[in-house]
Student: 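Before I ask anything, here is the structure I am working with.
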Amino acid sequence: MRRIVSGVALIAASAVLLHGCAAGGGPAATGDAGEPVEGGDFVSALYLEPRGLDPHRQVFWETYRVSRHIFEPLVQEDLTQTEGVPDLQPALAESWESSDDGRTWTFTLRQDATFHDGSRFDAEAVHQNVQRVWDEDYEFYDEEAAGRLQVWFGNLSEAQPVDDFTYEFTFSEPFLGFPRILAQSMYTLPIGNPAVWEEHGNDAFADQPEGTGPYRFVSRAIGDRIELERNEDYYGDRPYLDTLTFRIIPNNQTRVASLLNNEVDHISYVQPDDVETLENAGFNVPEGTGAQLIYLSFNYDNPELQDERVRKALIHGLDREALAEQVFNGYASPQYSFLPPGNEAYDPAVRDFEYDPEAARELLADAGYEPGELHFNLVVDVANENLAQWLQDAYGQIGVETEIVSLDRVSYSARVYNSEEGDGLSLDEFGETNAEWLFNGYNGLTGRGLDQDDYPEVTEAIQEALYTDDEDARIQQWQEAEALLRENALVIPAVNLTRYYATGPNVQGFTFASTNWYDLSTVWLSE
């Protein structure tokens, strides 16, 4: 066995970073130094309605920002880290190790955790979670969950308890990124209480979600709120807050007004025009870098976008520095790589194609388009209409005509995977800290019509990096694969948002972690 990881080695006592946020820019962690205060009811305003609170079916980061307080994974990331790649930490597994060939991973489980109903967490509970998403012979095999986890569990060949508190996964290929993938939000394996789905069924689990986490589910009113309460029997550090309420407020202005009026304590997806207003009013808008990208995906079902010259022209025609300044008021950083900041393979020095409108016009002419002859739909969700309008103007300057199709989030998600005639570009936000995310992101492009057989060198490089057994070469292999993806102009990275959350003046200990979610168990409300 190799790559032994222990809880003692990984965890140095992490202190919550406490520092006030001044107008004009603030740190990634907010709060004033001082003793934490226990108690209080915390309200967060989400910009999207979370999907079902089923850990194996979930999509959207807003879903995981709620559910991660109910469920825990075997391995987690250090959410007190505000820069770079967050360290891995023990969660429901105290330690883990892999075989020399990187195919078998063995997890030593903690022995003091219980589910919210008081039943024991052990290797059998892990096994029932695995069976639910992998074993078709299991009575409660969940086809929907299995479909979501197929991307990472498709090569799982064996899985079983070794003893009461040891669990082993064996894959058909080396899988060196497995522990960090377990720490991600979607397409992975947070641990739920199998007693619930075995009693009530798979579909009912989202309505009564139960895990081992620091908060337990109380109630949900679709379109309004989700309520959690502190788990008094939690094995770990006692959370400070009595309750967490997540209100669903899709409208940007309403969400900000709710914070300014002290109706909520925290909001997601702060709009650039609101940063200065909030800071001038004494609210905290911490600076940070999540492991995410806003990027433009080509609709490969559109024959015009199958032409590499057209795709390169659209990249050359995008001034990402101007985009970050003019649309996001400088509260975003331009991105040129499909691996986001915070990703373990991210290299800030790489570039795809520099802004060069003249080169863009020449490429379009070479592809046979006179100014105004190339036109397509720009498909976005309603939250990004202002960005779409900016893009419409920018592409008009290189002779490309676009029509904006703005949809609610559910309709948008359906449209990009079932494109209509004339659709050309869609606006996406995604990213993770694991290098293997490039494989997942590349697969996401196939949902936009990309045929991986048309780009065998990209596909082969990604497969080699995914299945490498050489830990020392792994990151470089992912970077080389990403370079091939860029050279073929298969996607347009745009920006990374650097002001994403805001909190009330009395919120202490909130950290804008260098990933896409947060930990509210360390937050308290000052008096």
Student: Apply side chain to side chain donor-acceptor pair (under 3.5 Å) to Thr468 and Gln477, showing your working.
Tutor: CA-CA 9 Å; Thr468 185; Gln477 285 180 293; 2.9 Å; yes
Student: Check whether the ring centres of Trp437 and Phe338 lie less than 6.0 Å apart, and answer yes or no.
Tutor: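 Yes, ring centres under 6.0 Å apart.
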Student: Side-chain polar contacts of residues 326-333 - donor-acceptor pairs under 3.5 angstrom, sequence neighbours left out - could you list them?
Tutor:
| unit_1 | atom_1 | unit_2 | atom_2 | d |
| --- | --- | --- | --- | --- |
| Gln326 | OE1 | Trp390 | NE1 | 2.7 |
| Asn329 | ND2 | Pro272 | O | 3.3 |
| Asn329 | ND2 | Asp273 | OD1 | 2.9 |
| Ser333 | OG | Gln335 | NE2 | 2.8 |

Student: Begin from the C-alpha positions of His127 and Tyr167 and carry the test side chain to side chain donor-acceptor pair (under 3.5 Å) through to its verdict.
Tutor: CA-CA 8 Å; His127 192 52; Tyr167 197 83; 2.7 Å; yes
Student: Kindly determine whether Asp203 and Arg57 satisfy salt bridge (Lys or Arg N to Asp or Glu O under 4.0 Å), including the steps that lead there.
Tutor: CA-CA 10 Å; Asp203 290 340; Arg57 294 182 175 185; 2.8 Å; yes
Student: Any Lys/Arg nitrogen of Glu232 or Arg216 sitting under 4.0 Å from an Asp/Glu carboxylate oxygen of the other?
Tutor: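 So Glu232 does not pair with Arg216 through a salt bridge.
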Student: List in chain and number order the residues that pass side chain to side chain contact (heavy atoms under 4.5 Å, CB included) with Asp472, two or more places apart in sequence or in another chain; answer none if no residue qualifies.
Tutor: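 Asp472: side chain to side chain contact (heavy atoms under 4.5 Å, CB included) contacts with Asp470.
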Student: Can Glu227 and Arg247 be counted as an ion pair, charged N to O under 4.0 angstrom?
Tutor: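 Salt bridge absent between Glu227 and Arg247.
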Student: What do the steps show when you test Arg132 against Glu144 for salt bridge (Lys or Arg N to Asp or Glu O under 4.0 Å), and what is the final call?
Tutor: CA-CA 10 Å; Arg132 186 182 187 230; Glu144 179 180 345; over 6 Å; no
Student: Under the salt bridge (charged side-chain N to carboxylate O under 4.0 Å, His left out) rule, what pairs show up with a residue in residues 189-202, not counting sequence neighbours?
Tutor: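 Sorted pair list comes back empty.
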Student: Could you walk me through whether Phe439 and Trp152 pass the ring pair (Phe, Tyr, Trp, His ring centres under 6.0 Å) check?
Tutor: CA-CA 10 Å; Phe439 170 69; Trp152 301 130; 5.8 Å; yes
Student: When you compare the side chain of Leu79 with that of Thr515, does any pair of heavy atoms fall below 4.5 Å?
Tutor: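 Answer yes - side chains close enough.
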Student: Would you say the side-chain atoms of Gln58 and Ser185 include a donor-acceptor pair closer than 3.5 Å?
Tutor: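 No pair is found: no donor N or O on one side chain lies under 3.5 Å from an acceptor on the other.
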Student: Measure up the Phe42 and His266 rings against each other and bin them: parallel (under 30°), tilted (30 to 60°), perpendicular (over 60°).
Tutor: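 Correct class here is tilted.
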Student: What about Phe205 and Trp197, are their ring centers closer than 6.0 Å?
Tutor: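 Centroid separation for Phe205 and Trp197: below 6.0 Å.
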Student: Taking the six-membered ring for Trp, are the ring centroids of Phe169 and Phe107 within less than 6.0 Å of each other?
Tutor: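 Yes - the distance between ring centres of Phe169 and Phe107 falls below the 6.0 Å cut-off.
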Student: Are the charged groups of Asp207 and Arg220 less than 4.0 angstrom apart, N to O?
Tutor: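 A salt bridge is absent here (no side-chain N lies under 4.0 Å from a carboxylate O).
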Student: Would a line drawn from the ring center of Phe153 to the ring center of Trp134 be shorter than 6.0 Å?
Tutor: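 For Phe153 and Trp134, the ring centres are not under 6.0 Å apart.
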Student: Answer yes if the ring centres of Phe178 and Phe175 are under 6.0 angstrom apart, and no otherwise.
Tutor: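 Yes, close enough.
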Student: Is Arg51 paired with Glu62 through a side-chain N to carboxylate O contact shorter than 4.0 Å?
Tutor: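 Between Arg51 and Glu62 there is no salt bridge, as every charged N stays at least 4.0 Å from the carboxylate O atoms.
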Student: If you apply the rule salt bridge (Lys or Arg N to Asp or Glu O under 4.0 Å), what do you find for Arg180 with Glu77, and how did you get there?
Tutor: CA-CA 8 Å; Arg180 190 173 292 277; Glu77 291 178 315; 2.7 Å; yes
Student: Do Thr511 and Thr522 come within less than 4.5 Å of each other through their side chains, counting heavy atoms only?
Tutor: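 No, too far: nothing below the 4.5 Å cut-off.
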Student: Going through the distances and angles, do Asp41 and Thr243 end up as a side chain to side chain donor-acceptor pair (under 3.5 Å)?
Tutor: CA-CA 5 Å; Asp41 302 314; Thr243 67; 2.6 Å; yes
Student: Show your reasoning for whether salt bridge (Lys or Arg N to Asp or Glu O under 4.0 Å) applies to Arg409 and Glu49.
Tutor: CA-CA 9 Å; Arg409 186 67 187 189; Glu49 173 79 59; over 6 Å; no
Student: Rounded at 0.5 Å granularity, tell me how far CD in Glu482 sits from OH in Tyr442.
Tutor: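 One finds 12.5 Å between CD of Glu482 and OH of Tyr442.
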Student: Only counting residues at least two apart or in another chain, list the ones meeting salt bridge (charged side-chain N to carboxylate O under 4.0 Å, His left out) with Asp242.
Tutor: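 Counting only residues at least two positions away or on another chain, Asp242 forms a salt bridge (charged side-chain N to carboxylate O under 4.0 Å, His left out) with Arg230.
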Student: Any carboxylate oxygen within less than 4.0 angstrom of a Lys/Arg side-chain nitrogen, looking at Arg148 and Asp54?
Tutor: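 Salt bridge flag = no for Asp54 with Arg148.
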Student: Does the side chain of Thr170 pick up a donor-acceptor pair with the side chain of Thr104 at under 3.5 Å?
Tutor: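 Short answer, yes.
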Student: Going by salt bridge (charged side-chain N to carboxylate O under 4.0 Å, His left out), name the residues that satisfy it together with Glu72, two or more places apart in sequence or in a different chain.
Tutor: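 Glu72 satisfies salt bridge (charged side-chain N to carboxylate O under 4.0 Å, His left out) with no other residue.
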Student: What residues, two or more places apart in sequence or in another chain, satisfy ring-ring contact (aromatic ring centres under 6.0 Å, His included) together with Tyr500?
Tutor: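 With neighbours one apart ignored, the set is Tyr269.
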Student: List the steps, then state whether side chain to side chain donor-acceptor pair (under 3.5 Å) holds for Ser514 with Glu83.
Tutor: CA-CA 5 Å; Ser514 55; Glu83 295 180 355; over 6 Å; no
Student: Side chains of Pro50 and Phe60: does their closest heavy-atom pair fall under 4.5 Å?
Tutor: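 With C-beta onward as the side chain, the pair stays apart.
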